[in-house]
Amino acid sequence: MRIELRKVLKRYQSQRVLNEVSLEIEPGQIVALLGPNGAGKTTLLRCLAGIVAPDQGEVRFDGQIFHRDRMDLRRRFWFMPDFPFVFDHWSMVQHAGMVLRLYHADGPGIEETFLELLREFEVLSLAEKPFSALSRGERYKGALAALIAADPEVWLVDEPFASGMDPIGIGAFKRRARDAIKRGRTVIYSTQIVEAAQGFSDRVCIIYRGEIMAFDSIANLRDHSLPPDSVLEGIFNLLREEPLP
């Protein structure tokens, strides 16, 4: 699915959180939305997901203008917030059942696929427990496993590296995301951690104060000229460093 934002503007009260953002993302990529707190990363994801509507501008999927009531388009992607939308009294299995039905992905063999994901995230023993009894990281793993099992065309994932997940969960997410883009899926995730973009994302979109300052591969961003701002300078300097093995 090809994704386009055309001069998307979003205000909260009088503040411009997204300031006429334009962006084009081709399928089969992992894209990091990188920026400090309050940069507009989550709002951009929420506009893509239809959680909020832009005040101006357009979001397009495969050339079609996206409105929040376009359920045919909404079934092609999934938004995963940093605090997942789950019913506290439900279990991971119940939550996955709902997600898979919504996405028409509840075909033969899907139960085994989902249980294998829970095993990979090391939460299989918690599959029948209510979300209210789980830690933040365990809740995130359970909701993320449901997303991966549903296999939408576009994953919109908010702060996967700062949502309480341990190294086991982070490693599983990275492996599954890489597998997904081989099937032509697109993974877009937000982070304020430079190291979370290095060595994993195909392209990095640097957002600051509601504007896109750069959108390119890590290799090209290392040669990018610096805007006159200490926060951005710090981000670009870190991107120039080689990631830890």
Query raised in the report: Can His95 and Phe87 be said to form a side chain to side chain contact (heavy atoms under 4.5 Å, CB included), step by step?
Result: CA-CA 8 Å; His95 175 76; Phe87 294 110; over 6 Å; no
Requested in this report: State plainly whether the residues Asp88 and Arg139 are in salt-bridge range, i.e. N to O under 4.0 Å.
Outcome: yes
Report summary line: Nearest heavy-atom contact between Glu159 and Ser190 is N-OG, 3.0 Å
Report task. Establish whether Phe114 and Ile168 are linked, either directly or via other cluster members, by ILVMFWY side-chain heavy-atom contacts under 4.5 Å. Result -> no
Requested in this report: Could you tell me whether a side-chain N or O of Arg74 sits under 3.5 Å from a main-chain N or O of Asp69, the two making a donor and an acceptor?
Outcome: no
Query raised in the report: Quick one: are Val154 and Arg76 in side-chain contact, heavy atoms under 4.5 Å?
Result: no
Query raised in the report: Should Asp202 and Ile181 count as side-chain neighbours, where that means a heavy-atom distance under 4.5 Å?
Result: yes
Query raised in the report: Which pair of non-hydrogen atoms, one from Pro27 and one from Met1, has the smallest distance, and what is that distance?
Result: CB-N, 3.5 Å
Report summary line: Note: Val59 and Cys47 closest approach over all heavy atoms is CG2-O, 4.2 Å
Query raised in the report: Quick one: do Ile207 and Leu156 end up in the same hydrophobic cluster if we chain Ile, Leu, Val, Met, Phe, Trp and Tyr together by side-chain heavy atoms under 4.5 Å apart?
Result: yes
**Report entry** Sub-4.5 Å side-chain heavy-atom contact between Thr191 and Phe200
**Finding:** no
**Report entry** Carboxylate-amine/guanidinium contact Lys129 Glu138, below 4.0 Å
**Finding:** no
Query raised in the report: Do Met98 and Trp90 touch side chain to side chain, with heavy atoms closer than 4.5 Å?
Result: yes
Query raised in the report: How many angstroms lie between CE in Met80 and OH in Tyr189, if you round to the nearest 0.5 Å?
Result: 15.5 Å
Query raised in the report: Under a single-linkage definition using a 4.5 Å side-chain heavy-atom cutoff for Ile, Leu, Val, Met, Phe, Trp and Tyr, are Ile51 and Leu9 assigned to the same hydrophobic cluster?
Result: no
Query raised in the report: Are any of the side-chain nitrogens in Arg2 or Asp62 under 4.0 Å away from the carboxylate oxygens of its partner?
Result: no
Query - Single-linkage hydrophobic cluster, 4.5 Å side-chain cutoff, Val204 and Phe173 together - result: no
Query raised in the report: Where do Glu116 and Thr113 land on the side chain to side chain contact (heavy atoms under 4.5 Å, CB included) test, with the steps shown first?
Result: CA-CA 5 Å; Glu116 177 56 36; Thr113 298; 5.8 Å; no
Report summary line: Here the gap from Arg185 atom CZ to Ile30 atom CD1, rounded to the nearest 0.5 Å, amounts to 13.5 Å
Query raised in the report: Atom CG in Leu18, atom CD in Glu211: separation rounded to 0.5 Å?
Result: 10.0 Å
Requested in this report: Flag the pair Leu5 / Leu48 as yes when at least one side-chain heavy-atom distance between them is below 4.5 Å, and no otherwise.
Outcome: yes
Query - Close side-chain approach of Arg176 and Trp155, heavy atoms under 4.5 Å - result: yes
Requested in this report: Report yes or no: does Asp55 contribute a side-chain atom to a donor-acceptor pair with the main-chain N or O of Arg11 at less than 3.5 Å?
Outcome: yes
**Report entry** Heavy-atom closest contact (Ala196 atom, Phe161 atom, distance)
**Finding:** CB-CD1, 3.4 Å
Query raised in the report: Looking at side-chain heavy atoms only, is the closest gap between Val99 and Leu147 below 4.5 Å?
Result: no
Report task. Over all heavy atoms of both residues, which pair between Ile110 and Ala149 is shortest? Give the atoms and the distance, please. Result -> CD1-O, 3.6 Å
**Report entry** Common cluster, Val157/Phe61, ILVMFWY with side-chain heavy-atom separation under 4.5 Å
**Finding:** no
**Report entry** Pairwise distance CZ(Phe121) to OH(Tyr140) - rounded to 0.5 angstrom
**Finding:** 9.5 Å
Query raised in the report: Step by step, would you call Phe77 with Thr186 a side chain to side chain contact (heavy atoms under 4.5 Å, CB included)?
Result: CA-CA 9 Å; Phe77 55 80; Thr186 303; over 6 Å; no
Query raised in the report: What do the steps show when you test Ser163 against Asp82 for side-chain hydrogen bond (donor to acceptor under 3.5 Å, both in side chains), and what is the final call?
Result: CA-CA 6 Å; Ser163 298; Asp82 58 347; 5.4 Å; no
Query - Distance, nearest 0.5 Å, that separates CD of Gln64 from CZ of Arg70 - result: 4.5 Å
Report summary line: d(Phe79 CZ, Ile188 CD1) to nearest 0.5 Å is 11.5 Å
Query - Side chains of Lys10 and Arg46 in contact at under 4.5 Å (non-hydrogen atoms) - result: no
Query raised in the report: Is the backbone N or O of Lys7 less than 3.5 Å from a side-chain atom of Ser22, with the two atoms forming a donor-acceptor pair by type?
Result: yes
**Report entry** Over all atoms of both residues, closest heavy-atom pair of Arg75 and Leu102
**Finding:** NE-O, 3.1 Å
Query - Basic-acidic side-chain contact under 4.0 Å: Lys141, Asp166 - result: yes
